[in-house]
Number of protein chains: 2
Amino acid sequence: MAQSLPKDQSTEQRILHAAKTVFYRKGLGGARMEEIAREAGINKALLHYYFRNKEQLFERIFLEAFEQLLPQMTAILAQDLPLEQKVQQISDFYNEMLLETPLLPVFVLNYVQSDPEALTKRMISVNASKLMSHLTEQLAQETKAGRIRDVAPQQLIINLLALCVFPYAMKPIVTRLFHMSEDDFRGFSESRKQVVPEVIMAYLKP
Amino acid sequence: MAQSLPKDQSTEQRILHAAKTVFYRKGLGGARMEEIAREAGINKALLHYYFRNKEQLFERIFLEAFEQLLPQMTAILAQDLPLEQKVQQISDFYNEMLLETPLLPVFVLNYVQSDPEALTKRMISVNASKLMSHLTEQLAQETKAGRIRDVAPQQLIINLLALCVFPYAMKPIVTRLFHMSEDDFRGFSESRKQVVPEVIMAYLKP
DNA sequence: GGGTGGTTTAACCAAACGATTAACTTCCTT
DNA sequence: AAGGAAGTTAATCGTTTGGTTAAACCACCC
């Protein structure tokens, strides 16, 4: 970060990239506009010219992150595919995505915790009722057919999310706890793609 | 929080309690000393009288939280007990503790993410090498005896932590996603005490 | 060259913020 | 009662912060 962003990008894009970098680490309250401007290699007044104020800039970054966290999963789970395939798809998606943006989970969860009321309207995009009815039906059929144990859809979703997302939220702690280099963590992330479905399917086995 | 803390507590205790409330939600950068003072029902100058500055007050709160997150788990895992018992103990400990302080995980992870360098010295208290050697040996014995599958200790620890901790980090999202009341979430937390060991042990089954 | 629209800059502003200060209050001991 | 120590307060301070402003700059067109 000694030298800022390439100059061939538009100013708006450079601001967005810089804002993401700073907001992901410091959150809304901790991030400084001067810092974002420095990161983008621009004059601070441009932040206001392009994004009006801090909150609107943050909103832009947050929305994009939030869209990566839950809607993706609900979309995959809503597909007409065997359960095992969906679990694998989710594992692949999250492990790949989060390897590139490991700061995302804590960024989202932190903001949600600091301002829970702001969350309510955003949950609309998650389309939970459709997910729940679809998944509930699929689980019921699988259980009836004796292919899986009886499990509450909530528990399944939570387990899946936890196993996929939490290792990245814990990355600074994990890497120090296990003395992992960046390459070690990459290898770990790769192994998670298989471990997550194994854990989930083992639990589902009747 | 309309009316602040009971006046029968010492000023220092009231400050600590208020600081915990505010720091857990807003983090170090987002919390305001004036807000903490208001929460404690005192004059702002007292914060400096008792805790010198913002950082030192925060440090006090953070240390306590961090001690709840990892050292507890390493202590349990280091015991000479059957694996299944240890898993159950961990599940019980975390689910009970986090039901009372659901904001703790995100509070810790957020600070760790905003200042990763500050984490390194604190990992010393985790005593990871003792944990790893002890757990590795136990897992090797269990595998050799054919009682569990071959599993890397890192994967086991991560799965366990993820399944125990993440639901609480996700509480605002979970409660809205599944339309849970506070009582619903309490029931959910209670069920997690059993689900976590079930998931873990199912995965370990050879 | 002059005009237009868009972008960028340095300087400035008012409020917020963490921290300090001097005065006051309470309690205890002599 | 006086003095000392610890605790508390309201006012003040210096710095930081998000945001604004006026001017400058740039590219393009007639």
Side-chain angles (χ1 to χ4, degrees), chain A residues 1 3-63 107 110-111 113-115 118, chain B residues 1 3-65 107 110-111 113-115 118:
Chain A
M1 291 197 216
Q3 188 53 276
S4 301
L5 298 164
K7 297 286 187 178
D8 56 344
Q9 287 180 312
S10 74
T11 299
E12 184 174 330
Q13 286 304 313
R14 286 161 58 206
I15 293 175
L16 285 171
H17 193 268
K20 184 174 175 180
T21 298
V22 178
F23 279 136
Y24 270 42
R25 270 209 194 282
K26 303 291 181 66
L28 175 58
R32 294 294 169 258
M33 296 295 261
E34 177 62 59
E35 190 180 358
I36 295 170
R38 198 183 318 123
E39 178 69 34
I42 60 164
N43 185 283
K44 182 160 69 85
L46 285 186
L47 300 179
H48 304 279
Y49 177 79
Y50 280 90
F51 294 97
R52 196 66 188 74
N53 60 39
K54 191 181 187 181
E55 269 68 36
Q56 286 185 31
L57 178 59
F58 181 84
E59 183 67 27
R60 187 70 179 273
I61 304 297
F62 179 75
L63 209 57
F107 167 68
N110 176 49
Y111 179 63
Q113 181 158 304
S114 66
D115 188 3
Chain B
M1 291 195 216
Q3 187 53 277
S4 301
L5 298 166
K7 299 284 188 177
D8 56 343
Q9 287 180 309
S10 75
T11 299
E12 183 174 332
Q13 287 304 312
R14 286 162 58 206
I15 292 175
L16 286 170
H17 194 269
K20 184 175 174 180
T21 298
V22 178
F23 279 136
Y24 269 43
R25 274 210 192 276
K26 303 292 181 68
L28 174 58
R32 294 294 168 257
M33 295 295 259
E34 177 63 58
E35 191 180 359
I36 294 170
R38 198 184 317 126
E39 178 69 34
I42 59 166
N43 183 282
K44 184 158 70 86
L46 285 187
L47 300 179
H48 304 278
Y49 177 81
Y50 280 90
F51 294 97
R52 195 68 186 78
N53 59 41
K54 191 180 183 183
E55 269 67 38
Q56 286 186 31
L57 178 57
F58 180 84
E59 182 68 26
R60 185 70 181 270
I61 304 296
F62 179 75
L63 210 57
E64 188 187 295
F107 166 68
N110 176 49
Y111 180 62
Q113 181 158 303
S114 66
D115 188 6

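In what follows, every chain begins at residue 1, and chains take the letters A, B, ... in the order their sequences are listed.
Distance alone, capped at 3.5 Å, places no donor-acceptor pair between the B:R25 side chain and the A:D115 backbone. Put simply, the side chain of B:K54 gets close to the backbone of B:L28: a donor and an acceptor are under 3.5 Å apart.
The shortest distance between the side-chain N/O atoms of A:T11 and the OP1/OP2 oxygens of C:dT7 is not below 4.0 Å.
Running 5' to 3' along DNA chain D, contacts with non-hydrogen atoms of chain A at under 4.0 Å begin and end at D:dT17 to D:dT21.
With contacts defined as side-chain heavy-atom distances shorter than 4.5 Å, the pair B:R38/B:E34 qualifies. Contact of the A:M33 side chain with the A:H48 side chain is registered, since non-hydrogen atoms from C-beta on lie closer than 4.5 Å.
Going from atom NZ of B:K54 over to atom P of C:dC17 covers 9 Å, rounded to whole Å. A straight line from CZ of B:F58 to C1' of C:dC17 spans 17 Å, rounded to a whole angstrom. Separating the CD atom of A:E34 from the P atom of C:dA16 is a distance of 20 Å, rounded to the nearest angstrom. Atom pair B:F51:CZ and C:dG18:P shows a separation of 16 Å (rounding to whole Å applied). Remark: P of C:dT7 and CD1 of A:I42 are 13 Å apart, rounded to the nearest angstrom. Distance CZ (B:R32) to C1' (C:dG18): 9 Å, rounded to an integer number of Å.
Remark: A:Q56 engages no residue in a side-chain hydrogen bond (donor to acceptor under 3.5 Å, both in side chains) (not counting sequence neighbours).
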Please report the C-alpha distance between B:F51 and B:E12 in whole Å, then the side-chain angles of each, then the deciding distance to 0.1 Å, and finally whether the side-chain contact (heavy atoms from CB on, under 4.5 Å) criterion is met.
CA-CA 9 Å; B:F51 294 97; B:E12 183 174 332; 3.7 Å; yes

Step-by-step side-chain contact (heavy atoms from CB on, under 4.5 Å) determination, A:R14 to A:H17
CA-CA 5 Å; A:R14 286 161 58 206; A:H17 193 268; 5.8 Å; no

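Using the six-membered ring where Trp is involved, A:F107 and A:Y24 have ring planes that are parallel, under 30° apart on the 30 and 60° scheme.
Nucleic acid contact for B:Y50: sugar-phosphate only, since backbone atoms but no base atoms lie under 4.0 Å from a heavy atom of the residue.
Put simply, CG on A:L16 and CG on A:L57 are 6.5 Å apart, with the number rounded to the nearest 0.5 Å.
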Protein-nucleic acid N or O pairs under 3.5 Å, nucleotides 20-24 of chain C:
unit_1, atom_1, unit_2, atom_2, d
C:dT20, OP2, B:R52, NH1, 3.1

